[in-house]
Amino acid sequence: MSPDRRRRLAPAAAAAALLCATGLLLGGCAGAEDGGAQAGGPVAPAAAGQGGHAGKAAPDLPVADAAPREIPALGPKTLAQIPDSTHQAVVVTGDAPDSNRGTAQRYVRETAGEGGWRAVGDPWPTRNALKGWTDHHVQGDLKSPIGVFGLTDAGGHEPDPGTELPYDRGPAFVARGTNVEGEPLGDAFDYVVAVNYNRKPGTTPLDWTRPLGASRGGGIWFHVDHGGPTQGCISQAKAQMKELLRWLEPAAKPVVVMGDAGALGR
């Protein structure tokens, strides 16, 4: 650069240096002595987080709250049936529409943190009705009803194991007869939790009121496994029945979500 041109550009360079020092120059400070893209040339917009003073970070953008956790494998139709007031759910998932085996997984709904549902403990193996599952249970079809049902009442032949649910103990819970495979029922009704399908909540599991009519069946319970499929109930090991009874809390408005995996995913 000629001496005359350098003298002409000196005031511009000094002004640019002053602007950079005060943070008013929108472009970077590099090359200010040479007038940027030669004096009078366009100044490129600063890259995000690189304009103004060197090292000045871009402001943090607000981060949206994480979505509450939902119960895995439940579809929107099934999730919509769980009341907002419910904070305990037992999800019984059948292996297939015509299967009499499955698993039960407990969940609690949390309000702290990101909220949503959290699994409790490990899954428990379960049995259900001999012929699997149905959306329209009727008496004698040997299928378990699909849906979301309240869990409000318990009982059994054995003493109350420490549940907070109303517990009706008595000799009427003796399991007489055989299961669908001809095996003795044994201690199947030592501990039961009534499933609120076609029954009047707030009564003993032995109450036979049928709001939908007798033809739609009833008497669907959680009970102790008797070694084979059921007529419609959900059965599991005695130790797990006792744990379930101790875990359920009336204030949490517990429900069972039950059906084969395909139905629950709707």
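In terms of heavy atoms, Ala154 sits closest to Pro205 at O-CD, 3.5 Å. Nearest heavy-atom pair across Tyr191 and Pro159 is CE2-O, 3.5 Å. Scanning all heavy atoms of the two residues, the minimum distance from Ala129 to Pro229 falls at C-CB, 4.4 Å. A pairwise comparison of heavy atoms in Cys233 and Gly219 identifies SG-O, 3.5 Å as the closest pair. Summarising the geometry of Asp207 relative to Lys200, their closest heavy-atom pair is OD2-CB, 4.4 Å, with the distance given to 0.1 Å.
Note that CG of Leu245 and OG1 of Thr163 are 5.0 Å apart. Values are rounded to the nearest 0.5 Å. In this structure, the separation between CH2 on Trp124 and CE on Met241 is 8.5 Å, given to the nearest 0.5 Å. The distance from the CG atom of Leu248 to the CD atom of Gln88 is 5.5 Å, given to the nearest 0.5 Å. Atoms CH2 and OG, from Trp133 and Ser144 in turn, are 4.5 Å apart once rounded to the nearest 0.5 Å. The line from OG1 of Thr209 to CG of Asn198 is 9.5 Å long, rounded to the nearest 0.5 Å.
Under a hydrophobic-cluster definition in which Ile, Leu, Val, Met, Phe, Trp and Tyr are linked whenever side-chain heavy atoms come within less than 4.5 Å, directly or via other members, Phe149 and Leu264 are assigned to different clusters. Val148 and Ile146 fall into different hydrophobic clusters, defined by Ile, Leu, Val, Met, Phe, Trp and Tyr side-chain heavy atoms under 4.5 Å apart, directly or through other members. Cluster annotation: Leu212 and Ile220 are assigned to the same hydrophobic cluster (Ile/Leu/Val/Met/Phe/Trp/Tyr, side-chain heavy-atom contacts under 4.5 Å, transitive). Both Tyr167 and Val224 belong to a common hydrophobic cluster when Ile, Leu, Val, Met, Phe, Trp and Tyr are linked at side-chain heavy-atom distances under 4.5 angstrom. Connection of Ile82 to Trp247 is not established within any shared hydrophobic cluster, with ILVMFWY side chains joined at heavy-atom distances below 4.5 Å, either directly or through further cluster members.
When each of Asn196, Val90, Val255 is tested with Leu151 by the rule side chain to side chain contact (heavy atoms under 4.5 Å, CB included), just one qualifies, namely Val90.
Side-chain contact between Asp95 and Asp260 is absent, with no heavy atoms from C-beta onward closer than 4.5 Å. Side-chain contact between Thr204 and Phe173 is present, with heavy atoms from C-beta onward closer than 4.5 Å. For the pair Asn128/Val92, no side-chain contact is recorded, criterion being any heavy-atom separation below 4.5 Å from C-beta on. For the pair Met258 and Ile234, the minimum side-chain heavy-atom distance is below 4.5 Å. Here the side chains of Asp153 and Leu165 are not in contact, with every heavy-atom distance at 4.5 Å or above. Under the 4.5 Å side-chain criterion, counting only non-hydrogen atoms from C-beta, Val192 is not in contact with Phe222. A heavy-atom distance below 4.5 Å is not found between the side chains of Arg101 and Pro125. Contact annotation: the side chain of Arg216 never approaches that of Gln139 to less than 4.5 Å [non-hydrogen atoms, C-beta and beyond].
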### side-chain contact (heavy atoms from CB on, under 4.5 Å) between Asp141 and Thr134, intermediate numbers included
CA-CA 9 Å; Asp141 66 3; Thr134 180; 3.8 Å; yes
### Task
Given side-chain contact (heavy atoms from CB on, under 4.5 Å), test His223 with Thr230 step by step and report yes or no.
CA-CA 10 Å; His223 63 67; Thr230 72; 4.2 Å; yes
### Task
Walk me through it: do Val180 and Leu142 pass the test side-chain contact (heavy atoms from CB on, under 4.5 Å)?
CA-CA 9 Å; Val180 293; Leu142 296 180; 4.0 Å; yes
### Message
Could you walk me through whether Leu79 and Glu70 satisfy the side-chain contact (heavy atoms from CB on, under 4.5 Å) test, starting with their C-alpha distance in whole Å, then the side-chain angles of each, then the deciding distance to 0.1 Å, before giving a yes or no?
### Response
CA-CA 8 Å; Leu79 287 168; Glu70 296 290 3; 3.8 Å; yes
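Between Tyr197 and His137, the ring planes lie perpendicular to each other; the angle is over 60°, past the 30° to 60° tilted range. The aromatic rings of Trp117 and Tyr107 sit perpendicular, their planes meeting at an angle over 60°, well past the 30° parallel limit.
Pairs of residues two or more places apart, or lying in two chains, that qualify as salt bridge (charged side-chain N to carboxylate O under 4.0 Å, His left out) and include a residue from residues 232-259 are Arg106-Glu243, Asp187-Lys238, Asp190-Lys238.
Remark: the backbone N or O of Pro201 is not paired with any side-chain donor or acceptor of Thr152 at under 3.5 angstrom.
Scored by the salt bridge (charged side-chain N to carboxylate O under 4.0 Å, His left out) test, Arg127 finds Asp225 as partners (sequence neighbours excluded).
Contact check on Asp98 versus Lys143 returns no salt bridge, with no Lys/Arg side-chain nitrogen under 4.0 Å from an Asp/Glu carboxylate oxygen.
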